[in-house]
Amino acid sequence: KAGVTQTPRYLIKTRGQQVTLSCSPISGHRSVSWYQQTPGQGLQFLFEYFSETQRNKGNFPGRFSGRQFSNSRSEMNVSTLELGDSALYLCASSLQGVDNYGYTFGSGTRLTVV
Amino acid sequence: DAKTTQPNSMESNEEEPVHLPCNHSTISGTDYIHWYRQLPSQGPEYVIHGLTSNVNNRMASLAIAEDRKSSTLILHRATLRDAAVYYCILTNFGNEKLTFGTGTRLTIIP
């Protein structure tokens with residue numbers, strides 16, 4: 001079966017711009033989470049959605065937002081980009097969150113802010 | 001969130017068993033122990049999880065101490081493809097997030 005698909009794979013943006021990243025979960029998975037990975041901070045949790053509702057949010061500024069659609073696909077948006085937002089953004093899906101089957105991660109979107 | 005402690009790095013010879021330790025002395029009674037690994041240039045991959053009893057699956061085994069303050073991920077026969085960063089994470093159903101630490105970087109020596 002198809003895995004978690006993230007688009008685009010690579011992105012270069014300028015400071016001050018905004019960006020939208022997309023994630024298509026595994027068919028049937030209703031939970032989608034987003035993580036940011038940087039060399040300095042490692043993997044950090046951004047937020048998690050289940051059935052279009054945000055259930056949990058990490059410690060990121062309000063410039064980071066997300067949403068989930070009725071087909072479970074999710075998008076995350078970062079407004080007013082800063083150089084420090086350069087990172088690998090990973091999406092993960094699961095049936096219903098932290099369950100007995102674990103999260104399946106996508107390969108990520110590498111965002112570079114210049 | 002309860003914290004886990006892992007060695008920064010470990011080495012093992014190919015085709016030998018590998019034991020990756022994790023300490024979690026502040027674990028609560030409802031915390032599950034999850035292991036993920038991240039291969040180079042890939043997203044993390046679920047390996048195994050458990051609550052109290054030892055667990056086995058096709059990828060690995062998880063041995064959990066009786067007091068649950070530590071656990072060990074066991075790769076029975078390491079291959080070069082097992083070279084990755086391994087993360088031990090405590091989770092709780094209802095707290096839908098994974099809190100990654102720095103993990104253990106496993107190097108497999110041919």
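Values below: all heavy atoms of this structure, side chains included; hydrogens, waters and symmetry mates excluded. Sequence lines set the chain letters: A, B, ... in the order given, protein chains first and strands last, and positions in each chain run from 1.
Side chains of B:Asn23 and B:Ser70: a donor-acceptor N/O pair is absent below 3.5 angstrom, by distance only. No hydrogens or angles considered: nothing links the side chains of A:Ser72 and A:His29 as a donor-acceptor pair under 3.5 Å. For the residue pair A:Ser51 and A:Arg30, a side-chain donor N or O sits within less than 3.5 Å of a side-chain acceptor on the partner.
Side-chain atoms of A:Ser74 do not come within 3.5 Å of backbone N or O of A:Val32 as any donor-acceptor pair. Checked by atom type and distance alone, the side chain of A:Gln6 pairs as donor or acceptor with a backbone atom of A:Cys91 at under 3.5 Å.
Contacts between A:Tyr35 and chain B at a heavy-atom distance below 4.5 Å involve the side chain alone, from C-beta outward. Residue contact with chain B, scored on non-hydrogen atoms closer than 4.5 Å, involves the side chain of A:Gln37 exclusively. For a residue to count as touching a neighbouring chain, one of its non-hydrogen atoms must lie under 4.5 Å from one of that chain's; by this rule A:Leu43 touches chain B with backbone and side chain alike.
Of the residues listed (B:Ile33, B:Thr72, B:Thr52), the one engaging B:Ile64 in a side-chain contact (heavy atoms from CB on, under 4.5 Å) is B:Ile33, and it is the only one.
Residues A:Arg63 and A:Asp85 are paired through a salt bridge, judged by an N-O separation under 4.0 Å between the basic side chain and the carboxylate.
Heavy-atom proximity under 4.5 angstrom to chain A picks out B:Tyr36, B:Gln38, B:Gly43, B:Pro44 from residues 35-44 of chain B.
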